[in-house]
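Fair warning: this is a prediction, and the values are worked out from it, not measured in the lab. Naming convention: chains lettered A, B, ... in sequence-line order (proteins, then strands); numbering from 1 in each chain. Just so it is clear, the values below take in all heavy atoms, side chains as well, and ignore hydrogens, waters and symmetry mates.
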Amino acid sequence: MAVVTRFAPSPTGYLHIGGARTALYSWLFARQQGGQFVLRIEDTDRERSTEESVQAIFDGMQWLGLAHDEGPFFQTQRFDRYRAVVQQLLDAGLAYHCYCTKEELEALREQQWANKEKPRYNGKCRDGAEPREGVEPVVRFRNPLEGNVVWQDAIKGEISIANTELDDLIIARADGTPTYNLTVVVDDIDMGMTHVVRGDDHINNTPRQINIYQALGAEPPVFAHVPMILGEDGSRLSKRHGAVGVMQYRDDGYLPEAVLNYLVRLGWSHGDQEIFSIEEMIQHFRLENVNRAPSTFNTEKLLWLNQQYIKSVEMSRLLELLPFYLQQAGIDTAEGPSLEAVLSELRERANTLVALAESCRMFYQDFDEYNAGAAKKHLKVSAAEPLTMLKEKLAALANWEAEAIQAVVQQTAETLELGMGKVGMPLRVAVSGSGQSPSIDITLALLGQQRALARIDQALAYVAARAEQAR
RNA sequence: GUCCCGUUCGUCUAGAGGCCUAGGACUCCAGGUUUUCAUCCUGGCAACAGGGGUUCGACUCCCCUACGGGACGCCA
């Protein structure tokens, strides 16, 4: 049988990192098995579902490159179907109307809690209940009273829960709308799901759903419950941990392939391998190798991976991604050296695309101020002499190439009998504004003769002003 | 509280009873390369939650305890 998996988020927020990993695992499994991957939006809670969240989920999935083969399906467009199934269960005596009010149920729960019992519906209306004036009934599923629900979870192994732990769950609200546990089952049956990969916060729903499958005469799919992702401090992921939507990772300068690589290795591994191409993930991923314990998110490692990708992706990929960040940073690369030449020098020293874009700035924009520490240390009065000589020699240079520039810097140091630090560093600060840049000859070569000379002039003026002040 | 799930370096993980003197990666530390920063290279610190079994032998199997997480909605 052809494999069918799905990702079925409820649109009540952005696509967060945990959901993204679940989606990835589900997608990888489908791809590997040559199966279908379905996207389904579980929006039966009209109160909390929003249009923006739906869009955020689409955006996140697209950014990550997790394409679906079918859907997106919206549960709100399938209400007729759910209603029919509820009626079917009612007719078969597998479900019943319940007239207990929310208040009564609330009181019951509180009492049970006080008695240190597990709060459960007491089955008051299970064996027939009189309609009550002014109370629209809900529909409850008649859960088996005895026995255990047992299944072989593809990740967690055998899980067994006693029916006595379960109660008669509501499958249709008083207003007639269906609830989650009913809709998932109906959809997963209708959509031919063979494998349900989802967060392990659903483990407790699974036995109820298996009972519904049985009531409906359907074979349950294989379940694979993936553990949660914890925040950096080991507690549940929340906004405070930057458990923001995946699109925030784009904005922060992460490559989607790095995020995917990080997520696939968070809770899963293939020997000692750290870097995986999409093809390798698809080839090696196994549900049964997914870790059973929750794992803690670690930004340091994500950053390292991101850096590995920035260093090693095709230049064309970098050129495709960077304009977004350059624009965000307000850097126009129309005038100046070729972006490709600049990037090939800078890519090894940035761990995010935001930082990479920022490091490009000096090649395209002039500046008025120096990094305070760098200027204080290197643009001293004593720097005037080497800078002046460098300026003269560089101005006289006919072929503006790294090799020739390097020779000039070296000659200057030798002539003045100064160490490289006393010549190279002032020059670096002069042209970059900070103490950091690629090697100085290449930096100058990229910058261009005119711009380089202008910046040396600017630095000389700065040094002169400083000398004036010192007096 | 009840039920379910889990527990190997700080973090992600390898480990399918002897290959374990517990391996790799990130971080960190110490060196080296680099006139800077970053990269890169070399080396180092660092873990089987605790207690009982089973076994000739347990990180690996079983039980208990502790701790962590989840669920207990007319949310999904």
For RNA chain B, which residues in residues 146-155 of chain A have a heavy atom at a distance below 4.0 Å?
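Per residue number, the list is empty: none.
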Taking only heavy atoms on the protein side, list every residue of residues 43-57 of chain A lying under 4.0 Å from any atom of RNA chain B, sorted numerically.
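By residue number: A/T44, A/D45, A/R48.
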Listed pairs under 3.5 Å, donor-acceptor, residues 405-422 of chain A side chains, sequence neighbours left out:
unit_1, atom_1, unit_2, atom_2, d
A/T412, OG1, A/V408, O, 2.7
A/T415, OG1, A/Q411, O, 2.6

Please set out all donor-acceptor pairs under 3.5 angstrom arising from side-chain atoms of residues 372-391 of chain A, sequence neighbours excluded.
unit_1, atom_1, unit_2, atom_2, d
A/K380, NZ, A/K377, O, 3.4
A/T388, OG1, A/A384, O, 2.5
A/K391, NZ, A/D457, OD1, 2.9

Between protein and nucleotides 21-36 of chain B, map the contacts as a letter string: B base, S sugar-phosphate only, - none, heavy atoms under 4.0 Å, written 5' to 3'.
--BBBSS-------BB
What one-letter contact string describes nucleotides 46-51 of chain B from 5' to 3', where B marks a base within less than 4.0 Å of any protein heavy atom, S marks contact via sugar-phosphate atoms alone, and - marks no contact?
------
Say whether A/Y262 and A/N298, considering side chains only, have a donor N or O and an acceptor N or O under 3.5 Å apart.
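Judged by distance alone, the side chains do not pair up.
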For A/H202, what residues pass the side chain to side chain donor-acceptor pair (under 3.5 Å) criterion, not counting sequence neighbours?
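Checked A/H202 against side chain to side chain donor-acceptor pair (under 3.5 Å); matches are A/Y180, A/N205.
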Report all interatomic pairs (protein N or O, nucleotide N or O of nucleotides 59-66 of chain B) with separations under 3.5 Å.
none

Kindly state each residue pair satisfying side-chain hydrogen bond (donor to acceptor under 3.5 Å, both in side chains) with at least one member in residues 142-155 of chain A, sequence neighbours excluded.
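Listed once each, the pairs are A/N143-A/N163, A/N143-A/N211, A/W151-A/D153, A/Q152-A/E158, A/D153-A/H225.
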Not counting sequence neighbours, which residues clear ring pair (Phe, Tyr, Trp, His ring centres under 6.0 Å) with A/F276? List them please.
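Once residues adjacent in sequence are excluded, the partners of A/F276 under the ring pair (Phe, Tyr, Trp, His ring centres under 6.0 Å) criterion are A/W268.
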If the condition is ring pair (Phe, Tyr, Trp, His ring centres under 6.0 Å), which residues does A/F7 pass it with, not counting sequence neighbours?
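Partners of A/F7 under the ring pair (Phe, Tyr, Trp, His ring centres under 6.0 Å) test: none.
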List, with names and distances, any nitrogen or oxygen atoms from the protein found under 3.5 Å away from nitrogen or oxygen atoms belonging to nucleotides 1-7 of chain B.
unit_1, atom_1, unit_2, atom_2, d
B/G1, O2', A/K116, O, 2.4
B/C3, O4', A/E165, OE1, 3.3
B/C5, O2', A/K156, NZ, 2.6

